[in-house]
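Naming: A, B, ... by sequence-line order, numbering from 1 per chain.
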Amino acid sequence: MDYNKQIDEKWQNFWDKEGIFNTDTKDTKNKYYCLVMFPYPSAALHVGHARNYVIGDAVSRYKRTKGLNVLSPMGFDAFGLPAENAAIKGGLHPKTSTLDNIATMKQQLTQWGIGYDWNREVISCLPEYYKWTQWIFTKLYEKGLAYKKRAAVNWCPKCLTVLANEQVINGACERCESKVIERDLSQWFFKITAYAQTLLDDIQELTHWPERVKTMQINWIGRSTGVNIDFKVDDEETILACYTTRVDTIFGVTYMVLAPEHPAIPGLIKNNPDACIIQAFIEKVRIQDKTERAAENIEKEGIFSGRYVINPVNGKKVPLWIANYVLMEYGTGAVMAVPAHDSRDFAFAKKYGLDIEVVIDNPKERLDALSMQTAYIEDGVMVNSAQFDGLGNREAMEKIADWMQEKKIGKRAVHFRLRDWLISRQRYWGAPIPIIYCDKCGEVAVAEKDLPVLLPENVAFKPTGQSPLKDSEAFIKTRCPKCGKEAQRETDTMDTFVDSSWYFLRYISPKETEKPFDGHLVDKWLPVDQYIGGVEHAILHLLYSRFITKVLYDLKYVSFKEPFGALFTQGMIVKNGAKMSKSKGNTVAPDYIIDKYGADVMRLYILFMGPPEKDAEWQDEGLQGSARFIQRALRMVDMLKEYRQSSETGELNSHEKDLVRKIHSTIKEVTLDLEGDFQFNTAISRIMELVNQTYKCLNETSLRQSIFKEAVDTVFLLLSPFTPHISEEVNEALGNKGSILKRAWPRFNEEYIKTDTVEIAVLVNGKVRDKLIINVNWSKEEIQKKALACEKVKNFLKNTPPKKIIYVDKRMVNIVV
RNA sequence: GCGGACGUGGCGGAAUUGGCAGACGCGCAUGGCUUAGGACCAUGUCUCGUAAGAGAUGGGAGUUCAACUCUCCCCGUCCGCACCA
């Protein structure tokens with residue numbers, strides 16, 4: 001039997017015709033929701049993408065043969081910058097180019113033998129989908145979780161749109177890597193910060209999520225606990241609130257610093273003769289772009305404000321400074337500076353000759369403020385801190401916080417790093433934000449019956465820095481839903497991540513026209529049993545989806561708090577040590593592989609190349625190995641057909657017994673590999689061993705046909721999640737009717753795996769000296785005696801009795817001399 | 001700086017969780033079969049050594065009868081966050 005393209009096509013047509021992958025979601029018994037992150041339809045897929053779908057398909061097929069009712073849907077994250085940019089480049093309308101790309105990708109996925117329920121396809125740029133994205137917006141709006149505010153936001157000068165915090169990587173745009181600049185703009189936000197604590201707490205429940213993803217989310221949410229302290233400005237009523245996590249150092253405050261953007265500054269400096277010098281400094285800092293300001297070793301710069309503030313714990317008057325190292329976005333934008341115990345404050349104090357006061361002493365060596373070379377940030381003993389002197393600083397931290405709360409000069413507080421999610425975009429290819437502005441009624445959300453707000457198709461969609469919808473009078477002009485007067489539509493579109501933050505709910509009832517999803521069925525099918533995708537979504541998509549799910553939970557649309565039960569993040573496929581990308585020119589196109597070797601060879605190699613969660617280096621030679629293995633396995637089928645050998649009766653010979661044992665132990669181990677953490681690479685290697693051993697048997701002995709057949713059958717059943725086309729073909733050749741997916745996953749019999757004899761190692765002082773074949777029924781004493789009788793052991797013993805003998809059951813004997 | 005993952009042959013990677021290091025595959029070598037072979041089959045392939053043996057899982061110490069696995073200290077790679085108060 002030869003593997004060729006016809007076999008691929010034959011079975012792909014068969015699966016399609018039989019509707020093998022179509023799932024009835026009304027049948028919720030034994031449900032298994034296997035979900036692979038849906039792709040952007042922007043470019044041709046390479047083998048790196050393929051890994052994602054091949055893993056998902058292997059899982060879905062395996063679960064099917066285990067008898068589960070598997071739902072495996074696919075769709076396209078079709079709105080957004082990548083699709084729009086691709087369209088502009090190709091001179092096409094985004095809708096045309098996106099739908100074209102989708103068609104190509106579907107064809108690719110089909111060619112690879114990836115089985116999806118295409119009846120459930122979800123395309124986020126079509127009105128029947130984005131109607132409900134807009135609906136979700138209005139639900140958040142009703143709850144006050146969607147709001148518009150003027151704020152300093154991240155602006156990408158190349159994409160000509162604002163970006164969410166999560167889309168800014170090292171101060172640069174996630175997509176085009178241009179440096180992001182700060183602009184004050186009025187924008188729409190989702191109040192994800194209202195869910196910061198829940199998003200953090202519930203991470204604990206995600207027991208089947210990779211540790212690194214959870215850690216990344218924890219860091220991103222960035223919870224810290226401390227104390228809010230009000231510092232009064234001297235000779236004035238102005239109060240400056242600051243936040244500290246180190247309230248134990250409060251007695252060591254020698255100055256206070258404000259971020260240049262701090263709103264209190266204009267009032268504080270207005271009577272200062274140096275006001276214009278201070279103003280010039282502030283301007284200078286503000287025009288620095290974010291990258292520069294956040295750069296690692298940027299020189300700390302500051303200026304004295306001319307004012308003083310009072311430390312509420314001791315009434316001490318300390319100078320108020322303005323400096324570039326304080327950020328307005330975090331805490332209150334005001335920092336109490338303790339140079340003795342904070343390295344940033346220390347560097348700043350040294351530069352500007354500010355006081356340094358030690359309040360936590362090093363128990364090993366007394367600190368001296370004048371001679372210190374670095375800040376002392378470790379734990380120690382309280383000094384110069386009034387009644388708290390002598391305490392350990394950890395203990396003092398709690399005591400001071402309590403004392404300050406009691407005296408009402410401080411308040412315990414929790415801060416998060418997480419910012420609200422900026423969702424407006426000044427680009428064309430997205431779902432319009434369903435808001436209407438009326439001169440009389442103000443901001444009004446579009447009513448559900450008026451959704452969707454259709455994205456007009458005949459507009460010049462090139463990015464200009466303003467939403468292209470602003471030019472479409474037909475779009476903008478509308479009537480106020482409340483008073484009926486003429487009104488204008490919001491022209492910004494939504495971030496694509498809004499579209500993808502709920503698509504997994506839509507798959508359950510994708511044809512629904514009266515509601516976004518069938519709540520009853522969604523409650524049965526969700527959370528997703530297995531979610532599979534790239535780690536690049538660790539924060540963005542996964543955090544947003546968790547947030548939207550929690551909102552829908554609070555609004556009682558769903559009854560679960562977390563959308564994804566188990567998450568698997570596969571590693572990248574790299575070539576020449578680098579991530580595959582068109583610009584580097586190191587992509588490997590699956591089409592050519594499919595042509596030359598067939599889908600199963602590509603699938604097998606992708607799964608065999610290494611643990612799926614780790615990055616793996618692509619080597620073309622590896623494909624040869626997979627192709628060779630498949631041909632070698634298929635040759636057994638031909639041999640079996642012509643096989644006329646020995647009798648079927650009588651005692652099994654030892655090779656036959658060994659082969660039966662191997663068949664059953666292979667089933668056992670492959671099953672364990674798949675039930676565990678998707679160890680496809682080791683599963684495949686075990687199947688290879690079974691093939692090797694079968695050949696060995698055929699060469700060395702007369703093998704009865706029934707056992708040979710069982711070996712062949714088992715090999716292709718076990719391979720079926722990985723190489724479905726040839727498995728189907730062999731299944732048919734062996735006389736079975738229908739799809740191999742309808743056959744049960746093979747079972748193993750523990751009885752057949754048992755052996756009478758086993759080879760163990762004989763060690764002397766922990767080193768292997770000899771091997772010994774033992775009968776498993778022998779007693780420990782018997783085995784030890786045999787081990788001592790080994791020639792090599794005798795040489796080491798030299799007639800002296802051994803000090804100690806350790807026997808590990810069916811593994812080894814260690815003799816200590 | 002903080003947090004996470006990791007370091008095993010020429011290469012991709014195994015190792016039942018403390019019990020025979022290098023499974024399986026690639027590559028390479030030798031032989032066979034072939035008009036030919038980048039096909040196939042067989043055998044071999046950690047290092048040193050003719051051998052007995054000795055040494056090997058980034059480096060160093062420790063625990064143990066026994067360490068790739070556990071503990072401590074270094075070195076290095078990758079990822080995330082980062083003037084976060």
Student: Where does B:U17 fall, syn or anti, if syn means a chi angle no more than 90° from 0?
Tutor: syn
Student: Whether A:Y243 contacts B:A85 is assessed here as follows: a side-chain N or O lying under 4.0 Å from the phosphate OP1 or OP2. Is that the case?
Tutor: no
Student: Scan A:Q631 against the nucleic acid and name what it touches under 4.0 Å (heavy atoms): base, sugar-phosphate only, or nothing.
Tutor: nothing
Student: What is the distance from CD of A:E617 to P of B:C26, rounded to the nearest Å?
Tutor: 18 Å
Student: Is any side-chain nitrogen or oxygen of A:R628 closer than 4.0 Å to OP1 or OP2 of B:C26?
Tutor: yes
Student: Please work out if A:V816 contacts a base, only the sugar-phosphate, or nothing of the nucleic acid, heavy-atom cut-off 4.0 Å.
Tutor: sugar-phosphate
Student: For nucleotides B:C33 and B:U69, find the distance between their P atoms and express it as a whole number of Å.
Tutor: 49 Å
Student: Report yes if some heavy atom in the side chain of A:K786 is under 4.5 Å from a heavy atom in the side chain of A:I783; otherwise report no.
Tutor: no
Student: In whole Å, what is the span from the CH2 atom of A:W220 to the P atom of B:C79?
Tutor: 17 Å
Student: With rounding to whole Å, what would you report as the distance between B:A56 and B:G9 at their C1' atoms?
Tutor: 10 Å
Student: Expressed as a whole number of Å, how far does the P atom of B:A82 sit from that of B:C28?
Tutor: 47 Å
Student: Between A:N692 and B:G25, is there a contact of a side-chain N or O with OP1 or OP2 at under 4.0 Å?
Tutor: yes
Student: Can you tell which of B:G19, B:C83, B:A85 lies closest to the side chain of A:Y325?
Tutor: B:C83
Student: Looking at B:C65, B:A42, B:G3, which one has an atom nearest to any side-chain atom of A:T215?
Tutor: B:G3
Student: Check the distance between B:G53's P and A:N765's CG and give it to me in whole angstrom.
Tutor: 14 Å
Student: Under 6.0 Å from the NZ atom of A:K214, do we count more than 12 heavy atoms belonging to anything else shown?
Tutor: yes
Student: Please confirm whether the shortest side-chain N or O distance from A:R811 to OP1 or OP2 of B:U16 is below 4.0 Å.
Tutor: no
Student: Using the P atom in both, what is the distance from B:G55 to B:A66, to the nearest Å?
Tutor: 14 Å
Student: Going by side chain to side chain donor-acceptor pair (under 3.5 Å), name the pairs with one or both residues in residues 603-616 of chain A, residues two or more places apart or in two chains.
Tutor: A:D57-A:R603
Student: Measuring only the P atom in each nucleotide, how far is B:G22 from B:C40? A whole number of Å is fine.
Tutor: 27 Å
Student: Under 4.0 Å, heavy atoms only, any strand: does A:P611 hit a base, just the sugar-phosphate, or nothing?
Tutor: sugar-phosphate
Student: Side chain of A:L327: nearest nucleotide among B:A21, B:A66, B:A85?
Tutor: B:A85
Student: Among the candidates B:A15, B:A21, B:C24, find the nucleotide nearest to the side-chain atoms of A:Q679.
Tutor: B:A15
Student: On a plain distance test, is the side chain of A:N219 in donor-acceptor contact with the base of B:C81 below 3.5 Å?
Tutor: no
Student: Rounded off to whole Å, could you give me the CD1-to-P distance for the A:I805 and B:U64 pair?
Tutor: 21 Å
Student: Hydrogens and angles aside, do A:R417 and A:N219 bring a side-chain donor and acceptor to less than 3.5 Å of each other?
Tutor: no
Student: What contact category does A:E689 fall into here, base, sugar-phosphate, or nothing, at under 4.0 angstrom with non-hydrogen atoms?
Tutor: sugar-phosphate
Student: Does a nitrogen or oxygen in the side chain of A:K214 sit under 4.0 Å from OP1 or OP2 of B:G80?
Tutor: no
Student: Does A:K300 qualify as a cation-pi partner of A:F348, given the criterion of NZ or CZ under 6.0 Å from the six-membered ring centre and within 45 degrees of its axis?
Tutor: no
Student: Can you tell me if A:F416 has over 12 outside heavy atoms packed within less than 6.0 Å of its CZ?
Tutor: yes
Student: On RNA chain B, check which nucleotide each of A:N681 and A:I815 is closest to and give me the residue with the more 5' one.
Tutor: A:N681
Student: Given B:A54, is OP1 or OP2 found less than 4.0 Å from the side-chain N or O atoms of A:R769?
Tutor: yes
Student: If you look at every strand shown and take non-hydrogen atoms under 4.0 Å, does A:D342 touch a base, only sugar-phosphate, or nothing?
Tutor: nothing
Student: Does A:N699 reach a base, just sugar-phosphate, or nothing at all? Heavy atoms under 4.0 Å.
Tutor: sugar-phosphate
Student: Which of the following nucleotides, B:C20, B:A85, B:G19, is nearest to the side chain of A:S224?
Tutor: B:A85
Student: Reckon A:M812 touches a base, only the sugar-phosphate, or nothing at all at heavy-atom distances under 4.0 Å?
Tutor: base
Student: Just to verify, what does A:Q693 make a side chain to side chain donor-acceptor pair (under 3.5 Å) with, not counting sequence neighbours?
Tutor: none
Student: Taking B:A23 as the reference, what is the distance to B:A14 when you measure between their P atoms (whole Å, please)?
Tutor: 13 Å
Student: For A:R417, answer base if it contacts any base atom (sugar-phosphate contacts may also be present), sugar-phosphate if it contacts only those atoms, and nothing otherwise; contact means non-hydrogen atoms under 4.0 Å.
Tutor: base
Student: Taking CG from A:L604 and P from B:C26, how many angstroms apart are they, rounded to a whole number?
Tutor: 11 Å
Student: Could you tell me whether B:G9 is syn or anti, where syn means a glycosidic angle within 90 degrees of zero?
Tutor: syn
Student: Rounding to a whole Å, what distance do you find between A:Y605:OH and B:G12:C1'?
Tutor: 7 Å
Student: Please measure how far the C1' atom in B:U16 lies from the corresponding atom in B:G60, and state the result in whole Å.
Tutor: 31 Å
Student: So if I take every side-chain heavy atom of A:E621 and compare against B:C20, B:G55, B:G27, which nucleotide ends up nearest?
Tutor: B:G27
Student: What's the CD-C1' distance between A:Q624 and B:G25, to the nearest Å?
Tutor: 13 Å
Student: OP1 or OP2 of B:C83 sitting under 4.0 Å from any side-chain N/O of A:K300?
Tutor: no
Student: Strictly by modelled atom types, are A:W421 and A:E166 linked by a side-chain donor-acceptor pair under 3.5 Å?
Tutor: no
Student: Got A:H208 and A:F568 here, is their nearest side-chain heavy-atom distance under 4.5 Å?
Tutor: no
Student: Name the closest nucleotide to the A:R635 side chain, picking from B:A14, B:C40, B:C83.
Tutor: B:C40
Student: Nearest whole angstrom, please: distance from the P of B:C24 to the CD of A:Q619.
Tutor: 19 Å
Student: Quick one: the side chain of A:K614 and the base of B:C6, do they pair up donor-acceptor inside 3.5 Å?
Tutor: no
Student: Treating a pair as Watson-Crick (purine N1 to pyrimidine N3 plus N6-O4 or O6-N4) or G-U wobble (N1-O2 and O6-N3) with both distances under 3.5 Å, list the stems of 3 or more consecutive pairs that involve RNA chain B.
Tutor: B:1-7 with B:75-81, B:10-12 with B:24-26, B:27-32 with B:40-45, B:46-48 with B:53-55, B:58-62 with B:70-74
Student: Considering heavy-atom distances to RNA chain B, does A:I760 or A:G625 have its closest nucleotide positioned more toward the 5' end?
Tutor: A:I760
Student: Indicate yes or no: does A:E750 engage A:K668 in a salt bridge with an N to O separation below 4.0 Å.
Tutor: yes
Student: Could you tell me whether A:K411 atom NZ has more than 12 heavy atoms of other residues or ligands within 6.0 Å of it?
Tutor: no
